[in-house]
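Report on the structure given below.
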Amino acid sequence: MSWSVDEMCQIAAQMEIKDGQFINLGIGMPTNITNFIPKGINVSFQSENGMLGMGPFPYEGEENADLINAGKQTITELSQSSYFDSAASFAMIRGSHIDLTILGALEVSTTGDLANWAVPGKMIKGMGGAMDLVANIKRVVVLMTHNSKDGSPKLVDKCTLPLTGVGVVDRVITDIGVFDVDHDVIKLIKKADSVSFNEIVQRSSAKIVDAR
Amino acid sequence: MTQFFNNAEEAIAGVLQDGMLLHAGGFGLCGIPENIITAIAKSGVKNLTVVSNNCGVDDFGLGILLKNGQIKKMISSYVGENKTFEKMYLDGTLELELNPQGTLAERIRAAGAGIPAFYTRTGVGTIVAEGKEIREFNGEKYIMEKALLADLAIIKGYRADKFGNVIYNKTARNFNPVMATAAKLTICEVEEIVETGELDPANIHTPAIYIHRLFKGKDYEKRIEKVTIRTREA
């Protein structure tokens with residue numbers, strides 16, 4: 001069995017999240033990571049529409065139209081929360097004050113290039129804040145399935161889709177392994193029990209070495 | 001000095017011109033100038049270029065102006081929530097310039113702060129960099145991005161005092177304060193106007209110098225795009 005989304009999020013939380021960090025999570029799968037923060041670890045999540053210290057979803061009837069996250073979902077505030085405008089929010093991001101971002105991807109290349117904003121065969125909807133996040137945050141971790149629905153590799157030698165950033169990805173967590181981008185090679189550092197190293201190589205087009 | 005008006009129609013009187021460049025505050029449907037958008041829809045002004053992070057939804061927010069065929073071009077970071085948009089874009093009846101969200105915010109901030117251009121790492125090596133000056137600082141590549149000044153900014157505040165100082169509520173702040181600084185004329189609508197002195201001077205978000213016209217809006221719908229809730233543990 002490959003790892004489930006919950007298992008991937010748990011791995012991401014255990015390997016990446018450290019006490020005291022300021023973190024920006026991408027829309028979609030990475031948001032689940034908040035459910036797996038180890039006990040005793042206190043971190044703040046940034047929402048690029050202008051909030052630091054995002055709280056959980058509100059209880060029914062307590063939604064506030066003036067309080068949403070970057071995915072336009074209703075959220076709540078915490079005692080530690082702060083609000084700011086969009087320019088200040090991205091100054092925080094561009095100025096490399098955020099410790100970590102974890103986001104989804106369509107393709108990651110051997111050299112850490114990332115493509116995650118233009119879906120093939122669909123109208124381009126925009127990059128939102130993704131280009132700002134990956135170009136400027138100290139550590140960029142990708143959470144994605146290892147292959148697309150048609151089975152094609154997403155860990156690739158060279159991205160074919162429009163790029164979000166060049167040489168920006170530090171680590172990739174997929175449903176079958178954890179990989180570090182190290183200059184022009186991808187290092188496997190952890191794998192799901194059900195797959196062999198050879199299978200991982202076959203399911204990727206990037207150059208992968210076993211570094212476990 | 002901030003001029004006060006009774007409603008959106010009066011506040012926009014004599015201001016709108018075909019082909020204008022507009023900054024429209026808000027993020028998704030959060031913190032959008034609902035009353036001003038309705039008044040612009042009624043005015044029939046055409047060929048607008050609108051700078052806004054998103055373009056509303058099909059029947060609300062800037063989506064109303066889009067459906068009316070009043071918008072010629074959008075400058076945004078993400079326009080995925082609107083089917084009318086997709087159709088018009090594919091038809092070729094609507095132009096779109098996509099900017100990374102932080103670059104968009106900073107282009108607006110720069111315009112308000114008298115900075116004609118700035119350099120950013122965001123978008124290096126992507127289609128965003130095409131046709132732009134690239135410069136190296138400390139061995140790293142940066143793109144030059146230019147300031148984005150509007151003819152008119154339409155923004156939404158939470159409270160204002162009778163002098164024109166404005167505060168925003170929670171994440172409804174978003175692009176509103178930066179846009180207020182970056183237009184030849186700024187029109188602001190708020191939910192409440194209080195006596196001057198009632199707002200804490202140490203906590204004013206937008207000082208009155210940036211607010212040229214102001215009125216108290218009415219009938220706020222404040223639609224929520226995605227209601228997400230958690231269940232109470234038994």
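Every chain is numbered from 1 and lettered A, B, ... according to where its sequence line falls, protein lines coming before strand lines.
Contacts between B:Tyr89 and chain A at a heavy-atom distance below 4.5 Å involve the side chain alone, from C-beta outward. Using a 4.5 Å cut-off between heavy atoms, B:Ser76 does not touch chain A at all. For B:Asn54, the part lying near chain A is the side chain, with the backbone staying farther off; criterion is any non-hydrogen pair under 4.5 Å. Proximity to chain B (any heavy atom under 4.5 Å) is shown, for A:Ile93, by neither the backbone nor the side chain. In this structure, no portion of A:Ala88 lies under 4.5 Å from any heavy atom of chain B. Using a 4.5 Å cut-off between heavy atoms, A:Ser89 does not touch chain B at all. Heavy atoms closer than 4.5 Å to chain A are found in both the backbone and the side chain of B:Val227. Using a 4.5 Å cut-off between heavy atoms, A:Glu48 touches chain B through backbone and side chain atoms alike. Proximity to chain B (any heavy atom under 4.5 Å) is restricted, for A:Asn69, to the backbone atoms N, CA, C and O. Contact annotation for B:Glu191: only side-chain heavy atoms (C-beta onward) come within less than 4.5 Å of a heavy atom of chain A.
Between chain A and the options B:Ile224, B:Val79, B:Ile229, heavy-atom pairs under 4.5 Å are most frequent for B:Ile229. Counting heavy-atom pairs under 4.5 Å between each of A:Pro56, A:Pro162, A:Gly165, A:Gly167 and chain B puts A:Pro56 at the top. Note on B:Ala105, B:Ala172, B:Gly102, B:Pro177: by heavy-atom pairs under 4.5 Å with chain A, the leading option is B:Gly102. Counting heavy-atom pairs closer than 4.5 Å to chain A, the top-ranked of the candidates B:Pro100, B:Gly80, B:Gly123 is B:Pro100. Listed options A:Ser47, A:Ala130, A:Ala70 were ranked by heavy-atom pairs under 4.5 angstrom with chain B; first place goes to A:Ala70.
The residue from B:Asn99, B:Val128, B:Leu98 that alone fulfils the side chain to side chain contact (heavy atoms under 4.5 Å, CB included) condition with A:Met131 is B:Val128.
By the 6.0 Å and 45° rule, B:Arg230 stacks over the aromatic ring of A:Tyr59. A cation-pi arrangement is found for A:Lys72 relative to B:Phe27, the charged atom lying closer than 6.0 Å to the ring centre and inside a 45° cone about the ring normal.
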Exercise for the section: For B:Thr171 and A:Tyr83, run side-chain contact (heavy atoms from CB on, under 4.5 Å): C-alpha distance rounded to whole Å, both residues' side-chain angles, the deciding distance at 0.1 Å, then the answer. Expected result: CA-CA 7 Å; B:Thr171 57; A:Tyr83 299 106; 3.9 Å; yes
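At a threshold of 4.5 Å between non-hydrogen side-chain atoms, the residues A:Ile68 and B:Glu225 do not count as touching. For the pair A:Asn136/B:Thr122, a side-chain contact is recorded, criterion being any heavy-atom separation below 4.5 Å from C-beta on. Contact of the B:Tyr78 side chain with the A:Lys125 side chain is registered, since non-hydrogen atoms from C-beta on lie closer than 4.5 Å. Contact check for A:Trp117 versus B:Ile127: side-chain heavy atoms found under the 4.5 Å cut-off.
More than 12 heavy atoms of other residues, nucleotides or ligands lie within 6.0 Å of CG in A:Asp150, so this atom counts as buried by the packing criterion. For NZ of B:Lys222, the number of neighbouring non-hydrogen atoms (other residues, nucleotides, ligands) closer than 6.0 Å is greater than 12. Shown here is A:Glu60, whose CD atom has no more than 12 heavy atoms of other residues, nucleotides or ligands within 6.0 Å. Applying the 6.0 Å contact sphere to NZ of A:Lys138 captures more than 12 heavy atoms from other residues, nucleotides or ligands.
Between A:Glu63 and B:Lys226 there is no salt bridge, since no side-chain N of the basic residue sits under 4.0 Å from a carboxylate O of the acidic one.
Donor-acceptor pairing under 3.5 Å is lacking for the side chains of B:Asn53 and A:Ser86.
The shortest heavy-atom contact between B:Cys30 and A:Ala65 is SG-O, 3.4 Å. In terms of heavy atoms, B:Val124 sits closest to A:Val166 at O-CG2, 3.7 Å. Minimum heavy-atom separation, A:Ala87 to B:Arg109: CB-CD, 3.9 Å. Listed here is the closest heavy atom pair of A:Arg94 and B:Thr103: NH2-N, 4.2 Å. Across every non-hydrogen atom of B:Gln101 and A:Gly129, the tightest pair is NE2-N, 3.6 Å.
In this structure, A:Thr74 contributes its side chain and B:Thr228 its backbone to a donor-acceptor pair below 3.5 Å.
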